[in-house]
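Worksheet: one structure, shown below.
All ligand and atom numbering here is 1-based and tracks the order in the structure. For this chain, numbers begin at 1 and follow the sequence in order.
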Amino acid sequence: MQTLAQYLQTQSLNPALENLIFTLADTSKAISLAVRNGALAGVLGATEQENVQGETQKKLDIITNDMLKNALHDNLAVRGIASEEEDNIVEANSEGQYLVCFDPLDGSSNIDINSLVGTIFSTLSMQEKVPQGELSEQHFLQSGRKQIASGYMLYGPSTMMALTTGQGVQFFTLDHKTQEYLLTNEKVTITPDTSEFAINMSNQRFWEKPMQNYIDELLQGAIGPREKAFNMRWIAAMVGDVHRVLSRGGLFTYPTDHKNPNKPYKLRLMYEANPMAWLVEQAGGKASTGYENILDIQPSHIHQRVPVILGSSNEVDICLSHHQGGNQGDNGDELSDQVAPSLV
Ligand code: AFP
């Protein structure tokens, strides 16, 4: 089996980008160890701090954020960093050419139940050179199409990395003995058809009408319009749910919901939706908000949230056909007193 280093050598990447991928991979090995040791390392549980999004930070959110931030800061190719756990962008090296957006520990509510968590990353290029002290959020606000290397590390029964540099999707598995990531799937492909979906059903009454109608058809099974039974899974860590979709197909969605009209979307564009949407497209699947391709969204701020529907191409198309002709914020009669949200 090829190591990550051997594989990347065959891809003719810019050596600085290759080096950046190694930095991310090496840091994930240390994160994997901290996650595996759990209570033995005293890293479980919450802190009393909140992140910029008002979520209570887990100890491991902060530990993993610091690990990645420090490692990336030490890499001279990195110009700046945006993280779920940082209120503002962090400036790194003046000569750096890359910007890295990351969620250091996606699914962190799973930590204390010893369930799946992961790290998600997205890399962009600096479009212009700016003097030290003048890097701003504006430099990060590039559409998902501009990503140059994205992926995730999944800390599960095995530690795995999914990577795309725009040449398909590869899976690497960490050999804990040698501490090498080894190539275990060189061409990850999402089956176009599926009978599996992932959604947090407890929000059903708050979804827009098109999503309610689509899921209702799936739930009717063989006697409904889809004429087949569907299975449902929900890991509560996007990284785990998307890994399943990449591995055996499926549809994953965290749609618009009106539980809290001030927060109609859950997933973050720059370090959750964009990297996952690019991976899914590179593996032959589709990713949309319901109304537009995720990768075409022009971001308005680094912590922006968006609705996400992604996975097996034919199933995503069927879901999108329910949205056609409708408007975002179409809640049907029951919730029509709510204000239609804009992308926030
Ligand atoms: P955390 O990283 O804050 O735990 O959030 C994980 C996440 O953003 C995403 O990975 C999951 O798909 C989603 O939240 C789960 O949300 P629910 O708890 O509402 O099901």
*Are the side chain of D106 and the backbone N or O of V239 linked by a donor-acceptor pair below 3.5 Å?*
yes

*Within a distance under 4.0 Å of any heavy atom of E272, pick out the atoms of ligand 1 and give their elements.*
8 (O)

*Which residue owns the protein heavy atom closest to atom 12 (O) of ligand 1, what's the atom, and how far is it?*
M238 N, 3.4 Å

*asked:* Taking 4.0 angstrom as the limit and counting only heavy atoms of L267, give me the atoms of ligand 1 inside it, by number and element.
replied: 8 (O), 9 (C)

*In terms of side-chain heavy atoms, does N75 have a donor or acceptor partner in T23 at a distance below 3.5 Å?*
yes

*Could you check atom 4 (O) of ligand 1 against the protein and tell me its nearest heavy-atom contact, residue, atom and distance included?*
S108 N, 2.9 Å

_Options A237, A198, G107, S109, ranked by nearest heavy atom to atom 5 (O) of ligand 1, top entry_ = G107

_Does ligand 1 come near enough to W234 that some N or O of the ligand is less than 3.5 Å from an N or O of the residue?_
yes

*asked:* Just to be sure I read this right, does ligand 1 sit under 4.0 Å from the backbone of N110, its side chain, both, or neither, counting only heavy atoms?
replied: neither

_If the threshold is 4.0 Å, N to carboxylate O, is there a salt bridge linking E134 and K129?_
no

*Find all atoms of ligand 1 within a distance of less than 4.0 Å from any non-hydrogen atom belonging to D106, and give their numbers and elements.*
2 (O), 6 (C), 9 (C), 10 (O)

*Should you measure from each heavy atom of R268, which atoms of ligand 1 turn up under 4.0 Å away?*
8 (O)

*List the atom of P104, the atom of T64, and the distance in Å for their closest heavy-atom pair.*
CB-OG1, 3.4 Å

*Minimum heavy-atom separation for L141 to S300, with atom names?*
CD1-O, 3.5 Å

*Using distance alone, determine whether D103 and ligand 1 share an N or O pair under 3.5 Å.*
no

*Looking only at protein heavy atoms, identify the closest one to atom 17 (P) of ligand 1 and say how far it is in Å.*
N200 ND2, 3.6 Å

*atom 19 (O) of ligand 1 [closest protein heavy-atom partner, distance rounded to 0.1 Å]*: Y254 OH, 2.6 Å

*Backbone of L183 reached by a side-chain donor or acceptor of Q2 within 3.5 Å*: no

*asked:* Counting only nitrogen or oxygen atoms and a 3.5 angstrom limit, does K266 reach ligand 1?
replied: yes

